[in-house]
Amino acid sequence: MATSRTPSSITLQLSCPTGNLSDPYNCHISSYRLKYRAAGTKLREKAITMLISERGSSSVTIKRLDHFTAYEFRVQGVYSPMYCHKDRAKFSNPATVQTRPLRLGPPTNATVVTLTNVSAAVAWNAPDQFIGREVKFRVYFKRVLGKEIRLEVEQKNHVNLTGLQPFTRYRVYVKAFIYDKDLQGRVTKYQNVTSFIRFRTLKGVPSPPVNASHHSVRSKSAVITWGHSVIPHGQLSYYEVHYASDNRQTCYTSKSKVVRVSGSTKGNLFDLKPSTSYCVWVTAVNIRLTDRKHLISNSSNVITFMTLATEILPPRSVTVSKIKARSVIVKWLSPAQVGSGHFSYHLRVYRFGGDVVRNSGLWSDGILVQTMNKSESLRHQTIGNLRPFTRYVVAVQTLGGSEMGNAQKMSKPSNVSFRTGDES
């Protein structure tokens, strides 16, 4: 059996049967022949001559062995020709002993060889003195402020890390380890690790922009605003504002026009047509520098609006209802170009054949009606403090709104006449 071992040598203790020296016919072993081999190699023969002591044992040291390698030993006794007609005895049963390992160094040349937005391939070499040996590896990786994950890798020098988050910083290191069992059966673990490898995954497809809305709609222009992508998966390259006429042939298709906006969440549309309905949506774009690939998000919420007319049109279908002795309700429809714009209306009440009615502070030259509900087309206003049984004319005009900017500029009036009732 083995009594000691080093990374390059093994010492064996051999037991020698002595027999009966006084018996001339007894076979005595005068020397031993030792054969040993490493895994995957041929038997190497080495003749060892040693004296037979009274203890019947001796030892031999085999040197120049490879470190951390298992060797198989077999011993054959050689008979003395003086005492035996036999030449050699049978080989003993094989005994396997492994040399000790050298000090385990860290894996070398660890690096990220392939990188995507959701994965990273990490490769390394075995420790220099253990190339070709049975070394196991563990890979540890984590994102910033994340939980560390461990992967077992046996007898390979690469691993693919999957399920990563786009445009996120990670750190990874590789641990090499081996197990060595001593002559008493106790197991010792040798290990060493690389330094940290830090990398950031590539940009991914961003989430869509949020809360798209329109402002300052005019006859040939509009302002579009939106909120940032909640999950950008990188530093966004730019936003794209898509717009098209709101009909089945062009809206939501490749025929839409695009305005590119960088570093802002506000875009201006300038080449619109008056009195035209448009649909608008916004996308976010990441450009991946490694392959110049454009990563485009889904669209934001789609918004629609109608541009204003170049001419201020008057209200439509002005009528009166609930005519009483001193009050009346005036109703009208919004002009054709209102769409989603904010319009105001100006009402003037005349006595038939007379001047503008002036009544105790209810109005001076007229009544200003603000229309805040963009979806409501029918407007109405109650007019009071009228004279009983008197004929009046009501003139309703449209103010210029956001397109004109000047509240004094109005459309042509739309008129309706009526006569109040009798108090009796």
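Basis for what follows: all heavy atoms, side chains included, without hydrogens, waters or symmetry-related copies. Source: prediction; values computed, not measured.
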Do [X] and [Y] make a side-chain contact, defined as non-hydrogen atoms from C-beta onward lying under 4.5 Å apart?
X      : Y      : result
Leu272 : Tyr243 : yes
Tyr278 : Val217 : no
Lys220 : Pro274 : yes
Tyr71  : Val97  : no
Gln191 : Val193 : no
Val320 : Ile383 : no
Asn301 : Trp226 : no
Ser334 : Tyr345 : yes

Any donor-acceptor N/O pair, [X] side chain to [Y] backbone, under 3.5 Å:
X      : Y      : value
Ser317 : Leu333 : no
His346 : Gln397 : no
Arg198 : Arg169 : no
Asn157 : Asn125 : no
Tyr170 : Gln165 : yes

Considering only distance and modelled atom types, tabulate donor-acceptor pairs under 3.5 Å from the side chains of residues 109-116, sequence neighbours left out.
unit_1 : atom_1 : unit_2 : atom_2 : d
Thr116 : OG1    : Val118 : N      : 3.2
Thr116 : OG1    : Ser119 : N      : 3.0
Thr116 : OG1    : Ser119 : O      : 3.4
Thr116 : OG1    : Ser119 : OG     : 2.7

Would you kindly say whether Thr11 and Ser4 are connected by a side-chain donor-acceptor distance under 3.5 Å?
-> yes
Run the side chain to side chain contact (heavy atoms under 4.5 Å, CB included) check on Phe270 and Val259 step by step: do they pass?
-> CA-CA 10 Å; Phe270 290 112; Val259 173; over 6 Å; no
On a heavy-atom basis, which atom in [X] and which in [Y] lie closest, and how many Å separate them?
X      : Y      : value
Ser245 : Thr276 : OG-CG2, 4.3 Å
Ser414 : Val318 : CB-CG2, 3.5 Å
Pro208 : Ser297 : CA-OG, 3.7 Å
Ser262 : Ser237 : OG-O, 3.8 Å
Glu240 : Arg260 : OE2-NH2, 4.3 Å
Ser229 : Pro209 : OG-N, 3.8 Å

State whether the number of non-hydrogen atoms from other residues, nucleotides or ligands found under 6.0 Å of Lys142 atom NZ is greater than 12.
-> yes
Count the heavy atoms of every other residue, nucleotide or ligand shown that sit under 6.0 Å from NZ of Lys331, and state whether that count exceeds 12.
-> no
Out of curiosity, [X] [atom1] to [Y] [atom2], how far, rounded to the nearest 0.5 Å?
X      : Y      : atom1 : atom2 : result
Ile62  : Tyr36  : CD1   : OH    : 6.5 Å
Leu65  : Ser8   : CG    : OG    : 7.0 Å
His214 : Thr307 : NE2   : OG1   : 11.5 Å
Thr265 : Ile224 : OG1   : CD1   : 12.0 Å
Phe141 : Lys147 : CZ    : NZ    : 12.0 Å
Thr69  : Ile10  : OG1   : CD1   : 9.0 Å

Specify whether Tyr173 and Tyr140 have parallel, tilted or perpendicular ring planes, treating 30° as the upper limit for parallel and 60° as the lower limit for perpendicular.
-> parallel
Apply side chain to side chain contact (heavy atoms under 4.5 Å, CB included) to Val330 and Val396, showing your working.
-> CA-CA 9 Å; Val330 182; Val396 185; 4.3 Å; yes
Just do the side chain to side chain contact (heavy atoms under 4.5 Å, CB included) check on Asn117 and Leu295 with the steps written out, would you?
-> CA-CA 11 Å; Asn117 59 323; Leu295 307 170; 5.8 Å; no
Look at Glu152 together with Arg150 and state whether they make a salt bridge at an N to O cut-off of under 4.0 Å.
-> yes
How far apart are the C-alpha atoms of Lys266 and His215, what are their side-chain angles, what is the distance that settles it, and do they pass the side chain to side chain contact (heavy atoms under 4.5 Å, CB included) test?
-> CA-CA 10 Å; Lys266 179 179 178 180; His215 308 275; over 6 Å; no
